[in-house]
Novice: 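Have a look at the structure that comes next, please.
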Amino acid sequence: MALLEIKNLSIDLQLEEGCRHLVDDLSFEIRRGEALCLIGESGCGKSVTALALTRLLAEDTFVYRGGEIRMAGLDLLGADEPSVRRVRGRKISYIFQDPVAYLNPVIRIGKQIGEMLQLHRPQRFHRDRVIDLLRMVGIPSPELRIDAFPHQLSGGMLQRVMIAMALASEPELLIADEPTTALDVTLQAQILDLLQALREKLGMAVLLITHNLGVVEEFADRVAVMYAGQIVETGSTATVLGNPRHPYTRALIRAVPRLGESNQRLEGIPGQVPLAGDFPTGCRFHPRCPDARPECGSHRPALLSIDSEVEVRCPVLNRS
């Protein structure tokens with residue numbers, strides 16, 4: 001059963017010289033209790049999509065050109081701000097990339113977590129609940145850490161504080177945007193193991209944005225591959241990673257180094273992600289695609305089902 005449904009979502013960036021398309025015709029769903037990974041190169045629109053889901057994008061700069069975002073029957077794009085606030089933070093919570101940028105340096109971490117409880121779960125707002133949250137995310141001696149300032153904690157601890165804040169409202173959906181980017185490999189593994197354990201314990205769904213295909217393979221039930229503001233392939237993790245259909249997905253997988261193959265030359269993807277508003281006609285990947293055909297530059301493909309397991313946006317596959 002779908003918890004969150006996104007249908008034909010399109011977002012523009014409003015500049016003095018005009019609008020630039022950031023996201024076009026975006027459609028996917030997140031089911032209750034599942035983990036969905038959104039992957040793609042930097043600049044593909046992943047973070048913009050994540051922020052758009054609860055209308056966190058600045059409305060004087062970003063324009064929702066069309067589409068629907070539905071959570072439990074409520075269209076978040078058409079709802080008034082009070083209705084959106086009842087969803088944002090309570091039913092949908094976020095973990096952002098850099099906790100240092102999101103935690104107030106002059107307020108103790110216990111108070112910052114407590115503010116989330118006071119706003120979204122006032123009946124549970126007390127010091128013992130904050131301590132329980134810190135203990136849940138694996139922070140040692142939470143009775144002491146609750147009074148610490150952010151600068152007194154390590155990067156890994158700060159990320160755990162961010163997770164505790166996100167979980168304080170007992171959300172149905174947790175959106176984690178590159179939550180381990182600034183951490184070393186050991187801490188990355190700890191944070192991801194923690195998210196997996198909490199997901200199973202609390203029964204919440206997770207939307208994880210990442211570049212790491214190894215993380216996707218271990219963490220995700222389903223995966224959505226994004227390129228130049230569009231979903232180009234989506235399906236179960238085993239199917240998408242084990243038998244990728246879209247040339248971009250295959251290129252991403254070939255670019256990943258493999259353990260025990262140190263002498264193998266990595267295959268990069270030529271060119272770069274096109275700038276917003278400067279997308280090529282037809283298939284947006286065709287200038288970089290090794291399998292491109294003449295029709296790829298003129299035929300704009302839709303996201304269509306190839307079989308019961310996967311949907312693909314490719315002119316060649318859509319016409320075959």
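From a predicted model like this one, the values you see are computed outputs, not experimental measurements.
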Novice: Provide the full list of side chain to side chain donor-acceptor pair (under 3.5 Å) pairs with a residue in residues 4-13, sequence neighbours left out, each pair given once.
Specialist: Asn8-Asp25, Asp12-His21, Asp12-Arg65

Novice: Which side chain to side chain donor-acceptor pair (under 3.5 Å) pairs, counting each pair once, include a residue from residues 214-223, with sequence neighbours left out?
Specialist: Glu34-Arg222, Arg199-Asp221

Novice: For atom CZ of Arg32, decide whether the heavy atoms of other residues, nucleotides or ligands shown that lie under 6.0 angstrom number more than 12.
Specialist: yes

Novice: Less than 4.0 angstrom from a charged side-chain N to a carboxylate O is my criterion; do Arg70 and Glu29 meet it?
Specialist: no

Novice: I'd like to check the salt bridge (Lys or Arg N to Asp or Glu O under 4.0 Å) partners of Arg88; sequence neighbours left out, ordered by chain and number.
Specialist: Glu81

Novice: Using modelled atom types and a 3.5 Å cut-off, is there a donor and acceptor pairing between side-chain atoms of Arg129 and backbone atoms of Arg124?
Specialist: no

Novice: Is any side-chain heavy atom of Glu311 closer than 4.5 Å to a side-chain heavy atom of Ile231?
Specialist: no

Novice: Could you state the interatomic distance from OG (Ser83) to CE (Met71), rounded to the nearest 0.5 Å?
Specialist: 13.5 Å

Novice: A quick test of your reading: do over 12 heavy atoms of other residues, nucleotides or ligands sit less than 6.0 Å from CD of Glu68?
Specialist: yes

Novice: Any pair with a residue in residues 124-166 that passes ring pair (Phe, Tyr, Trp, His ring centres under 6.0 Å), sequence neighbours left out, goes on the list, sorted by first then second residue, please.
Specialist: none

Novice: So, the side chain of Lys46 versus the backbone of Gly40: is there a donor-acceptor pair under 3.5 Å, distance only?
Specialist: yes

Novice: Considering residues at least two apart in sequence or located in another chain, which fulfil the salt bridge (Lys or Arg N to Asp or Glu O under 4.0 Å) criterion with Glu309?
Specialist: none

Novice: Where is the tightest heavy-atom contact between Pro179 and Leu208, given as atom of each residue plus distance?
Specialist: CD-CD1, 3.6 Å

Novice: When Asp147 is tested against each of Lys111, Arg127, Arg108 for salt bridge (Lys or Arg N to Asp or Glu O under 4.0 Å), which residue passes?
Specialist: Arg127

Novice: Could you note down all residue pairs passing ring pair (Phe, Tyr, Trp, His ring centres under 6.0 Å) where residues 186-245 supplies at least one of them, sequence neighbours left out?
Specialist: Tyr227-Tyr248, Tyr227-Phe285

Novice: Is there a path from Met226 to Phe279 through hydrophobic residues (I, L, V, M, F, W, Y) whose side chains come within less than 4.5 Å of each other?
Specialist: no

